[in-house]
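If you're wondering where the values come from, they're calculated on a predicted model, not measured in any experiment. Lettering of chains follows the sequences in order, A, B, ..., and the numbering in each one begins at 1. These values consider heavy atoms only, across backbone and side chains, with no hydrogens, waters or symmetry-generated copies.
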Amino acid sequence: MLRYIGNRLLLLIPVLLGISLVVLVLIDITPGDPARMLLGAQATQQQVDDLREELGLNDPLPVRYVRFIWNVLHGDLGTSLMTKRPIVDEMLQRFPYTLMLVSLSIVLSVLLGIPIGIYASTHQNTWKDNTAMFLALFCVSMPSFWFALLMIRLFGVQLRWLPISGVATWKGWILPCIAMALGLTALIARQMRSDLLEVIRQDYITTARAKGLSEGKVIYRHGLKNAMIPVIMVIGGVFGSSLGGSLIAEVIYSIPGLGQYIMSGLNNRDYPVIQGGILILSTMFAIVILLVDVLFALVDPRIRSQYARKSKGRGKRVGDET
Amino acid sequence: MEDNLLEIRDLVVEYHTDDDVIYAVNNINLTIKKGETIGLVGETGAGKTTIAKSILRILPQLQADLKSGEIFFEGVDMLTLAERDMRKIRGNKISMIFQDPMTALNPIEKVGFQIAETIKLHNKIRREEAERRACDMLEMVGIPMDRFSEYPHQFSGGMKQRVVIAMALACNPSLLLADEPTTALDVTIQAQVLDMMRSLKEKLGTSVILITHDLGVVSDFCDSVAVAYAGEIVERGSVDRIFNNPHHPYTLGLFGSLPRLDSTEPRLKPIKGLMPDPTNLPSGCRFYERCPDAAEACALSPPQDIEIEPGHTIKCIRGKEGGI
């Protein structure tokens with residue numbers, strides 16, 4: 001198992017090299033000149049050219065790529081062209097906000113989504129199930145910025161219960177977390193429902209019933225664990241992509257997180273910010289996916305035995321049907 | 001009456017789909033004595049598994065509808081029991097072996113745990129004690145107990161079926177419902193599993209309902225036979241009687257279609273036609289369409305059970321006329 005994790009971490013290296021190359025090339029072919037953006041429309045062409053030379057933008061792509069990698073290996077993601085601050089510092093400062101926002105919304109949506117999914121599947125085709133699934137469909141389909149704006153209007157402007165932006169107090173977290181969690185909850189609930197319905201039809205669930213277990217124990221001990229794997233996958237994927245995708249909530253609610261930072265980097269053609277930001281986000285995404293895979297192995301012995309196939313074990317002694 | 005362990009009276013079970021009603025079990029009567037082993041034979045779709053699941057009340061809740069009937073077990077009508085009391089019977093006094101050992105075990109729990117779970121559930125004992133007994137059960141079905149902590153995917157099909165059997169027998173049930181326990185296994189393993197079930201049955205005094213379509217297994221393993229056809233029991237009697245002196249045309253057809261080593265017939269003799277559509281059963285005898293001896297009266301009204309000898313009943317009007 002440890003060996004597997006080690007292998008996966010080693011695999012990260014070529015993946016990240018590839019990602020940084022793609023990002024560099026994409027930036028290169030995107031129109032817009034950071035030097036011009038920095039100096040403003042009044043600057044002369046001479047000033048712009050000088051700045052380009054100074055920033056190293058005139059070097060050929062391979063040179064820039066190698067320089068970027070070299071710097072990354074030394075823990076340096078470069079300096080923002082706009083703010084002149086080191087990107088690593090800026091990211092470290094902002095990361096807790098994004099992590100907080102994403103974690104809170106995921107926890108909220110897991111706590112709501114899984115019970116709703118279980119409830120709907122154990123009441124399949126009743127009005128309870130239909131209502132839950134209709135609401136879930138609604139929440140999945142509606143864009144989260146729309147919810148975010150509606151909630152600002154209701155709770156912030158009309159009722160004045162909660163701040164409309166900023167996270168100076170804990171109250172500020174409530175609306176952005178709900179805005180992000182609504183869609184996720186619905187996604188998790190729908191996934192949970194369909195997986196559990198699938199599992200409930202399996203023979204071993206009938207076996208569990210025939211043992212004399214109560215319906216609750218049948219569902220929780222024998223059904224839920226088997227149904228969790230695709231749900232874990234969805235949660236992990238959502239967690240990984242939300243780290244970069246919490247942008248809308250961050251912008252609407254003025255949370256100084258990573259998404260907002262990268263967004264401003266994009267608008268200003270602040271290349272180092274874009275490169276560094278994407279590199280960090282993709283690293284985190286890959287690590288989250290690795291955690292998900294490890295979690296799979298913890299839940300399912302069949303997956304575990306695949307990882308452990310080469311290590312010593314008794315699995316070899318019997319015919320392995322997997 | 002007294003020595004009847006299980007008595008099914010007028011059981012009717014229907015399945016509901018979006019458009020149709022499937023008449024799976026129609027007015028079945030069946031009694032099993034203590035210690036008796038009865039073979040329930042019939043084609044796929046004759047309602048055999050539905051009968052077994054009705055006894056345990058584990059029919060799929062959404063589709064199945066247990067319309068009417070009574071199922072007495074040790075003198076109590078189980079269909080009127082509260083779910084709580086029913087749970088004390090399931091896996092304890094009545095347990096079931098399922099058809100497909102590949103899918104009957106939970107893939108992500110240790111086999112030992114799955115056995116111990118049943119034991120712990122029905123006996124007020126500590127977990128260690130339940131696990132020790134589960135080890136004993138594994139040994140009893142011929143699996144070394146150091147494989148307690150392994151998972152189903154590490155077992156072969158025959159071994160999985162033994163685990164399922166160990167699980168079913170873990171609480172010394174007085175009735176075992178074995179739903180085609182050997183169908184998914186190859187013949188060598190089949191023989192091993194049957195031998196094992198026989199010795200366990202003798203040791204524990206368990207009554208068995210063996211659901212199968214293998215007449216060879218029935219003659220080898222059972223005391224009596226019930227032949228199911230289109231949701232009815234068409235012939236019922238001791239193994240000796242049914243095998244030596246079958247009366248119902250369907251039973252005759254079943255025996256006629258068996259391949260025989262001593263026969264010079266170049267082709268098998270199947271029963272012509274198919275079982276009637278269970279959503280649209282004929283109003284008369286269910287076997288009328290395929291029966292070589294059908295009379296006009298057969299199409300008009302369904303035949304009643306006729307006892308042609310003590311303990312040997314058939315559902316055929318020809319029975320009265322003294323043999324076909």
Side-chain angles (χ1 to χ4, degrees), chain A residues 120-126 128-129 195 197-230 232 295-309 313-322, chain B residues 49 52-53 55-62 83-84 86-110 113-115 117-122 146-147 149-160 163-164 167-168 170-171 173 177 179:
Chain A
S121 65
T122 49
H123 295 79
Q124 192 196 359
N125 296 341
T126 61
K128 297 166 185 168
D129 175 32
D195 290 336
L197 281 180
E198 177 71 30
V199 166
I200 284 175
R201 287 197 199 96
Q202 301 294 317
D203 288 349
Y204 54 82
I205 295 297
T206 315
T207 309
R209 288 209 177 100
K211 276 180 180 177
L213 289 172
S214 64
E215 192 60 20
K217 276 187 182 160
V218 170
I219 298 291
Y220 287 99
R221 200 183 288 166
H222 291 273
L224 199 56
K225 233 174 132 185
N226 276 291
M228 273 319 277
I229 285 180
I232 292 175
L295 215 53
F296 279 179
L298 290 181
V299 173
D300 193 331
R302 287 166 296 183
I303 299 175
R304 196 153 62 230
S305 74
Q306 276 172 15
Y307 292 164
R309 192 179 289 156
R314 310 195 41 233
K316 268 199 229 167
R317 221 188 63 194
V318 286
D320 199 326
E321 280 138 35
T322 45
Chain B
T49 304
K53 287 190 171 170
I55 296 171
L56 276 180
R57 281 175 42 190
I58 51 169
L59 291 164
Q61 283 162 8
L62 282 174
E83 180 62 23
R84 277 187 57 137
M86 195 60 217
R87 285 208 298 267
K88 288 180 188 145
I89 293 179
R90 278 184 209 133
N92 189 22
K93 290 179 172 170
I94 307 179
S95 58
M96 185 156 173
I97 298 171
F98 293 91
Q99 186 167 353
D100 187 354
M102 298 301 171
T103 57
L105 292 170
N106 186 338
I108 62 172
E109 297 284 4
K110 294 170 179 163
F113 166 80
Q114 298 191 43
I115 301 172
E117 186 183 31
T118 319
I119 301 174
K120 175 101 173 40
L121 186 69
H122 295 293
D146 60 344
R147 304 193 63 178
S149 297
E150 290 186 11
Y151 293 93
H153 71 272
Q154 291 166 295
F155 285 68
S156 69
M159 290 179 97
K160 275 188 217 171
V163 173
V164 172
M167 205 183 329
C171 295
L177 310 171
D179 186 1

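- Listed here is the closest heavy atom pair of B:P107 and A:P301: O-CG, 3.6 Å.
- In this structure, B:T103 contributes its side chain and A:D203 its backbone to no donor-acceptor pair below 3.5 Å.
- Comparing A:N226, A:V299, A:D300 by heavy-atom pairs within less than 4.5 Å of chain B, the highest count is held by A:N226.
- Separation of atoms CG (B:L105) and NE2 (A:H222) is listed at 10.5 Å; rounding is to 0.5 Å.
- Your options are B:N92, B:L121, B:L56, and the one with the most heavy-atom pairs under 4.5 Å with chain A is B:L121.
- Neither the backbone nor the side chain of B:M86 comes within contact range of chain A; no heavy atoms are under 4.5 Å apart.
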TODO: Tell me, with the steps shown, if A:L213 and B:R90 meet side-chain contact (heavy atoms from CB on, under 4.5 Å).
DONE: CA-CA 8 Å; A:L213 289 172; B:R90 278 184 209 133; over 6 Å; no
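- Taking OG1 of A:T206 as the reference point, atom CG of B:D179 lies at 11.0 Å (rounded to 0.5 Å).
- Comparing A:R221, A:E215, A:Q124 by heavy-atom pairs within less than 4.5 Å of chain B, the highest count is held by A:R221.
- Among B:K88, B:H122, B:M96, the residue making the largest number of heavy-atom pairs under 4.5 Å with chain A is B:H122.
- The pair A:K217-B:E117 does not count as a salt bridge, with every side-chain nitrogen at least 4.0 angstrom from each carboxylate oxygen.
- Within the 4.5 angstrom heavy-atom criterion, no atom of A:R201 approaches chain B.
- Here the side chains of A:S305 and B:Q154 are not in contact, with every heavy-atom distance at 4.5 Å or above.
- Neither the backbone nor the side chain of A:I200 comes within less than 4.5 Å of any heavy atom of chain B.
- Under the 4.5 Å side-chain criterion, counting only non-hydrogen atoms from C-beta, A:Y204 is not in contact with B:Q114.
- Side-chain contact check for B:N106 versus A:K225: every heavy-atom pair is 4.5 Å or farther apart.
- In plain terms, the two heavy atoms of A:A210 and B:I58 that are nearest each other are CB-CD1, 4.0 Å.
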